[in-house]
Structure formats: C-alpha cells, structure tokens
Amino acid sequence: MIEAVNLTKTFKQVKAIDNVNLYIEPGEIVGLLGPNGAGKSTTIALLSTLIEPTAGDVLFRQQSVIQNPKLLREVLGVVPQEIALYWELTARENLQFFGSLQKIPQSELKARIDTVLQQIGLEDELKKPVKYYSGGMRRRLNIGASLLHKPAYLIMDEPTVGIDPQSRSYILQAIKKLNQEENTAIIYTSHYMEEVEFLCDRLYIMDKGKIIAAGTKEEIKAILSAEKTIEMKLEKHSKPFADALIAQGLLANIQVAEAHISFTVGKNVDFLPLILPLCEAHQVVLKSFQMKEPTLEDVFLHLTGRALRD
Ligand SMILES: Nc1ncnc2c1ncn2[C@@H]1O[C@H](COP(=O)(O)OP(=O)(O)OP(=O)(O)O)[C@@H](O)[C@H]1O
C-alpha cells in the first residue's frame with residue numbers, strides 16, 4: 001500500500017496541497033479528481049518521490065519514502081502529463097532508450113517492448129519517428145514508456161488531455177485491461193468526470209489543495225442522496241424568468257444553459273408551487289421536466305459551488 005499522511009507542500013507563498021491523506025492498495029484503481037490548480041499534480045509528484053513535502057510523509061509498506069525512495073521507485077511507473085518522448089526516434093527506439101535507462105537487462109528488453117507495444121495497441125507496424133504520430137499515438141507511447149519494468153503501481157497524470165474521443169476511449173480500455181490482467185494498481189488524475197466514473201473503484205475529490213470528499217463512487221454520490229436534481233426545458237430562453245428563479249432562493253445549484261435549466265432541491269420538497277407562479281408571471285412555457293440521478297459532477301458542484309471545469 002502507498003499512503004500519503006498529512007501531506008503538505010508549499011511553494012513560496014502558495015500552499016499547493018494542505019494536509020492530504022489518501023492511500024492506494026495493490027490492484028485497485030483510485031481516481032484523483034479536481035479542477036485545474038486543485039493540487040493533483042503536486043500530490044502525485046510527492047507520491048512518486050519527485051519532490052519532497054513541506055510537512056507529512058509518503059509511506060510505502062509502512063516505510064517513509066523520503067528516507068528510502070528506492071523501495072517505491074522500483075515498483076512504480078509514472079505517466080507524466082507532458083509527453084516525454086524523443087521525436088526523431090521510432091516507438092521501438094524510444095522504448096529501447098527508456099528500458100535501458102530503467103536498467104532492464106538487454107536479454108529481456110525486446111520481449112518486454114513487444115508486450116508493451118501490444119498493450120498500448122501500437123504493435124510493430126510503426127517504423128516512423130514519433131514526430132509523424134498523431135496526438136493519441138504519442139499519448140499511448142508515453143504510457144508505454146512507464147510500463148516496461150512491469151510496475152505494480154502506476155500513477156497517471158491526466159493521460160488523455162488533448163486527444164480525440166476515439167484515442168481517449170482506446171486508452172481508457174487499455175488502462176482497464178492492464179488493471180484486470182496484470183493487477184496493476186493505478187492512481188488516475190483527471191478533471192473528466194466520465195473517465196473517473198468508468199475507471200475507478202474509489203476516488204478522492206480535491207479542491208484548493210484539500211481532499212473534500214473520498215470514498216467509492218456510490219458513497220460519494222450518496223452525499224447527495226437527500227437531494228434530487230431536476231432538469232427542465234423551456235419553450236424558449238427567458239432571462240427574466242431565470243433571474244427570478246435564482247432570486248427566489250429556495251432552489252440550489254441553479255444552472256442555466258439557454259432554455260435548459262437544472263437545479264437541486266431536497267428530496268421531499270414540492271418544487272412545482274415554487275416554479276409555476278414564476279412561469280405565469282414571465283409567460284414561460286415549460287416543455288419538459290426530468291428527475292436525474294446525481295452524478296459526481298453534481299457532488300462537486302454541491303461541495304464547492306463550482307463546476308469541475310471552472
Ligand atoms: N513549482 C511550483 N511553484 C509555484 N507554485 C506551484 C508550483 N507547482 C504548483 N504550484 C501551484 O500549486 C497549486 C496546485 O497546482 P497543481 O499543478 O498541483 O494542480 P493540478 O490540480 O494538478 O492542476 P492541473 O489540472 O492544471 O494540472 C496551483 O495554485 C499552482 O499554481
């Protein structure tokens with residue numbers, strides 16, 4: 001198990017993370033979710049022993065990794081957010097280079113590269129330098145470079161940023177397969193809710209350097225079980241109506257996107273008597289109502305008052 005204990009990191013005046021506690025056990029996929037600047041990259045830089053904390057510690061098998069980073073580094077792969085590849089080399093040549101850096105014996109390296117190319121779906125068909133690859137292919141190779149030494153734990157920092165939906169879906173499937181077939185434990189950071197919903201067993205939601213919620217997806221969604229989310233569609237957008245809805249103060253998390261309006265209310269609140277008089281006053285026609293199960297995005301909005309991508 002890797003564990004962060006009261007982890008704090010301050011850069012000059014900025015407290016990038018503040019008293020973070022989290023853990024990951026062998027074989028599980030744990031999501032670290034939060035908007036830009038929440039402290040995800042700092043947390044994983046600390047977990048992967050790239051930087052040292054201002055306070056607190058990272059434990060691996062209950063030993064401090066500050067004292068003994070080697071123990072963890074041997075079993076850890078890190079996929080950085082920035083692509084770290086050699087543009088003039090082919091996929092295989094890049095992997096040969098990274099494999100040698102990781103001191104994988106030459107007698108084993110070729111077979112490991114073959115396996116990794118297969119795991120990331122690049123096989124051997126690509127004999128071109130990386131500079132000719134698509135964004136998705138580069139991302140896949142970036143992941144491959146961290147898999148050569150068969151890490152038991154893999155930390156991935158937003159590995160699908162800036163790629164097309166097809167490549168993203170391919171990468172998500174490959175990560176799931178890696179976890180299921182090799183039992184690789186994965187810490188996955190993202191600000192894409194759908195990715196975390198698809199991949200993760202447990203998750204931590206971060207905001208402004210702190211963990212603001214932790215648990216299984218079901219546990220986190222249960223934070224909102226006392227509320228329901230309503231989506232309604234108007235015949236056409238009406239700013240005076242939307243303003244009046246916000247001003248009456250009894251509905252929470254009101255989101256207005258043209259003629260689509262959503263809000264949350266307590267499970268037992270009868271919201272129609274709150275809305276219908278406003279419709280009448282502003283001559284607004286309601287086309288539909290829908291009750292929605294809470295999503296992780298709703299939980300984030302509830303906890304922070306902001307959307308994840310704000
Ligand atoms: N080397 C640094 N020097 C100064 N401030 C830093 C440094 N690294 C991070 N920070 C600050 O710490 C806070 C957390 O940043 P961090 O990169 O960990 O967030 P993040 O959740 O990974 O964001 P993103 O999704 O944009 O990668 C931010 O306010 C950031 O500006």
Chemist: Test side chain to side chain donor-acceptor pair (under 3.5 Å) on Asn253 and Thr264; report intermediate values, then the result.
Modeler: CA-CA 6 Å; Asn253 302 320; Thr264 55; 3.1 Å; yes
Chemist: If you compare all heavy atoms of Glu25 against all heavy atoms of Ala185, which two are closest, and at what distance to 0.1 Å?
Modeler: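 Taking every non-hydrogen atom into account, O-CB, 3.6 Å.
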Chemist: Quick one, Phe300 and Ile205 - any side-chain contact, counting heavy atoms below 4.5 Å?
Modeler: yes
Chemist: Answer whether the closest heavy-atom distance between the side chains of Pro35 and His191 falls below 4.5 Å.
Modeler: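 Of all side-chain heavy-atom pairs linking His191 with Pro35, none is under 4.5 Å.
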Chemist: Using the six-membered ring of Tyr23, assess whether NZ or CZ of Arg202 lies under 6.0 Å from its centre and within 45 degrees of the ring axis.
Modeler: yes
Chemist: To the nearest 0.5 Å, what is the distance between CD1 (Ile187) and CG (Leu22)?
Modeler: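 Here the rounded value is 6.5 Å.
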Chemist: May I ask you to decide if Leu76's main-chain N or O and His149's side chain share a donor-acceptor pair within less than 3.5 Å?
Modeler: yes
Chemist: Within the structure provided, determine whether Ile24 and Glu28 are in side-chain contact (heavy-atom separation under 4.5 Å).
Modeler: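 Counting from C-beta outward, Ile24 and Glu28 do come under 4.5 Å.
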Chemist: Within a radius of less than 6.0 Å around OH of Tyr86, do more than 12 heavy atoms belonging to other residues, nucleotides or ligands occur?
Modeler: no
Chemist: Might you point out which heavy atoms bring Leu303 and Ala213 nearest each other, and give the distance in Å?
Modeler: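 Result for this residue pair: CD1-CB, 3.7 Å.
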Chemist: Given 3.5 Å as the limit, does a donor-acceptor pair link the side chain of Ser48 with the main chain of Ile44, or not?
Modeler: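 Yes, Ser48 side chain to Ile44 backbone: donor-acceptor pair under 3.5 Å.
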Chemist: Has the side chain of Asn179 got a donor or acceptor atom that lies under 3.5 Å from a matching backbone atom of Gly27?
Modeler: yes
Chemist: Could you tell me whether Lys176 sits above the aromatic face of Phe198, with NZ or CZ closer than 6.0 angstrom to the six-membered ring centre and within 45 degrees of the axis?
Modeler: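 Judged by the rule (NZ or CZ under 6.0 Å from the ring centre, within 45° of its axis), Lys176 counts as positioned above Phe198.
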Chemist: Just wondering, do Pro53 and Ile66 contact through their side chains at under 4.5 Å, heavy atoms?
Modeler: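 Result yes, sub-4.5 Å side-chain heavy-atom pair found.
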Chemist: Provide the closest heavy-atom pair for Ser146 versus Pro151 in the form atom of the first, atom of the second, distance.
Modeler: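 Nearest heavy atoms, Ser146 then Pro151: O-CG, 3.4 Å.
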Chemist: Using every non-hydrogen atom in the two residues, find where Gly209 and Val20 come nearest and quote the distance to one decimal.
Modeler: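 What the structure gives for the nearest pair is O-CG2, 3.6 Å.
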Chemist: Please check this pair: side chain of Asn21 against backbone of Asn6, looking for a donor-acceptor N/O pair closer than 3.5 Å.
Modeler: yes
Chemist: Do Val161 and Val79 land in one hydrophobic cluster if side-chain heavy atoms of ILVMFWY residues count as linked below 4.5 Å?
Modeler: no
Chemist: Apply side-chain contact (heavy atoms from CB on, under 4.5 Å) to the pair Glu231 and Phe263, showing each step before the final yes or no.
Modeler: CA-CA 7 Å; Glu231 287 180 339; Phe263 56 85; over 6 Å; no
Chemist: NZ of Lys287 to CD of Glu235: how many Å apart, nearest 0.5 Å?
Modeler: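 Lys287 atom NZ to Glu235 atom CD measures 6.0 Å (nearest 0.5 Å).
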Chemist: What's the separation between atom CZ in Arg92 and atom CG in Leu141, rounded to the nearest 0.5 Å?
Modeler: 11.5 Å
Chemist: Could you give me the CA-CA distance, side-chain angles and deciding distance for Asp57 and Ser64, then say whether side chain to side chain donor-acceptor pair (under 3.5 Å) is met?
Modeler: CA-CA 7 Å; Asp57 207 344; Ser64 165; 2.9 Å; yes
Chemist: Could you check Lys150 against Arg112 for side-chain contact (heavy atoms from CB on, under 4.5 Å), going step by step and ending with a plain yes or no?
Modeler: CA-CA 9 Å; Lys150 272 198 178 181; Arg112 275 306 296 154; 3.3 Å; yes
Chemist: Would you find a donor on one side and an acceptor on the other, under 3.5 Å apart, between the side chain of Ser190 and the backbone of Tyr192?
Modeler: yes
Chemist: Kindly work out whether a path of hydrophobic side-chain contacts (I/L/V/M/F/W/Y, heavy atoms less than 4.5 Å apart) joins Leu274 to Phe241.
Modeler: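 Shared cluster, yes.
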Chemist: Any side-chain heavy atom of Leu95 sitting closer than 4.5 Å to one from Leu148?
Modeler: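 Yes - at least one pair of side-chain heavy atoms lies under 4.5 Å apart.
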Chemist: Please check this pair: side chain of Lys9 against backbone of Glu52, looking for a donor-acceptor N/O pair closer than 3.5 Å.
Modeler: yes
Chemist: Begin with the C-alpha distance, continue with both residues' side-chain angles, and end with the deciding distance and a verdict on side-chain contact (heavy atoms from CB on, under 4.5 Å) for Ser41 and Gln81.
Modeler: CA-CA 9 Å; Ser41 298; Gln81 202 176 103; 3.7 Å; yes
Chemist: Could you go step by step and tell me if Leu72 and Leu47 meet the side-chain contact (heavy atoms from CB on, under 4.5 Å) rule?
Modeler: CA-CA 9 Å; Leu72 177 57; Leu47 289 176; 6.0 Å; no
Chemist: Indicate yes or no: at least one non-hydrogen side-chain atom of Thr90 is less than 4.5 angstrom from one of Gln96.
Modeler: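 Not in contact.
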Chemist: Please answer whether the main-chain N or O of Lys131 pairs with a side-chain N or O of Arg138 as donor and acceptor at a distance below 3.5 Å.
Modeler: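 Answer holds: yes.
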Chemist: What distance separates Leu50 CG from Ile155 CD1, expressed to the nearest 0.5 Å?
Modeler: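 If we round to the nearest 0.5 Å, Leu50:CG and Ile155:CD1 are 8.5 Å apart.
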Chemist: For the backbone of Ala145 and the side chain of Gln102, can you confirm whether one donor and one acceptor N or O come within less than 3.5 Å of each other?
Modeler: yes
Chemist: Hey, does the side chain of Tyr133 reach the backbone of Ala91 with a donor-acceptor pair shorter than 3.5 angstrom?
Modeler: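 Answer holds: yes.
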Chemist: What's the verdict on salt bridge (charged side-chain N to carboxylate O under 4.0 Å, His left out) for Lys236 and Glu258, showing C-alpha distance, side-chain angles and the deciding distance?
Modeler: CA-CA 8 Å; Lys236 60 179 190 328; Glu258 297 288 315; over 6 Å; no
Chemist: In Å, rounded to the nearest 0.5 Å, how long is the span from CD1 of Ile175 to CD1 of Ile29?
Modeler: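 Spacing of CD1 (Ile175) from CD1 (Ile29) equals 7.5 Å.
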Chemist: State whether Asp164 and Arg168 are salt-bridged, where the test is any N-O pair (Lys NZ or Arg NE/NH1/NH2 against Asp/Glu carboxylate O) under 4.0 Å.
Modeler: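 Looking at Asp164 and Arg168, the cut-off is not met.
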Chemist: Between Tyr153 (side chain only) and Met1 (backbone N and O only), is there a donor and an acceptor less than 3.5 Å apart?
Modeler: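 At least one qualifying donor-acceptor pair exists.
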Chemist: Under the side chain to side chain donor-acceptor pair (under 3.5 Å) criterion, do Ser167 and Arg140 qualify, and how do the steps go?
Modeler: CA-CA 9 Å; Ser167 296; Arg140 273 142 68 181; 4.7 Å; no
Chemist: Output the distance between atom OG1 (Thr216) and atom CG (Leu203), rounded to the nearest 0.5 Å.
Modeler: 8.0 Å
Chemist: Report whether Ile261 and Ile275 are members of the same hydrophobic cluster (ILVMFWY, side-chain heavy atoms less than 4.5 Å apart, transitive linking).
Modeler: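 Per the 4.5 Å side-chain linkage, Ile261 and Ile275 are co-clustered.
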Chemist: Which atom pair, heavy atoms only, marks the closest approach of Ile51 to Leu46?
Modeler: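 Looking at all heavy atoms of both residues, the closest pair is O-CD2, 3.6 Å.
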Chemist: With the side chain counted from C-beta on, respond yes when Ser262 and Ile230 share a heavy-atom pair under 4.5 Å apart, and no when they do not.
Modeler: no
Chemist: According to a hydrophobic-cluster definition based on side-chain heavy atoms being under 4.5 Å apart (Ile, Leu, Val, Met, Phe, Trp, Tyr only), do Val58 and Phe11 belong together?
Modeler: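 As far as the 4.5 Å side-chain criterion goes, Phe11 and Val58 are connected within one cluster.
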Chemist: Between Trp87 and Pro129, is there a side-chain heavy-atom distance shorter than 4.5 Å?
Modeler: no
Chemist: With side chain to side chain contact (heavy atoms under 4.5 Å, CB included) as the test, pick out the partner of Pro159 among Ile143, Asn142, Thr189, Leu154.
Modeler: Ile143
Chemist: Would you say Lys210 has more than 12 foreign heavy atoms packed within less than 6.0 Å of its NZ?
Modeler: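 At most 12 heavy atoms, drawn from other residues, nucleotides or ligands, come within 6.0 Å of this atom.
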Chemist: Membership question, hydrophobic clusters at under 4.5 Å side-chain separation (ILVMFWY): are Leu71 and Val5 in the same one?
Modeler: no
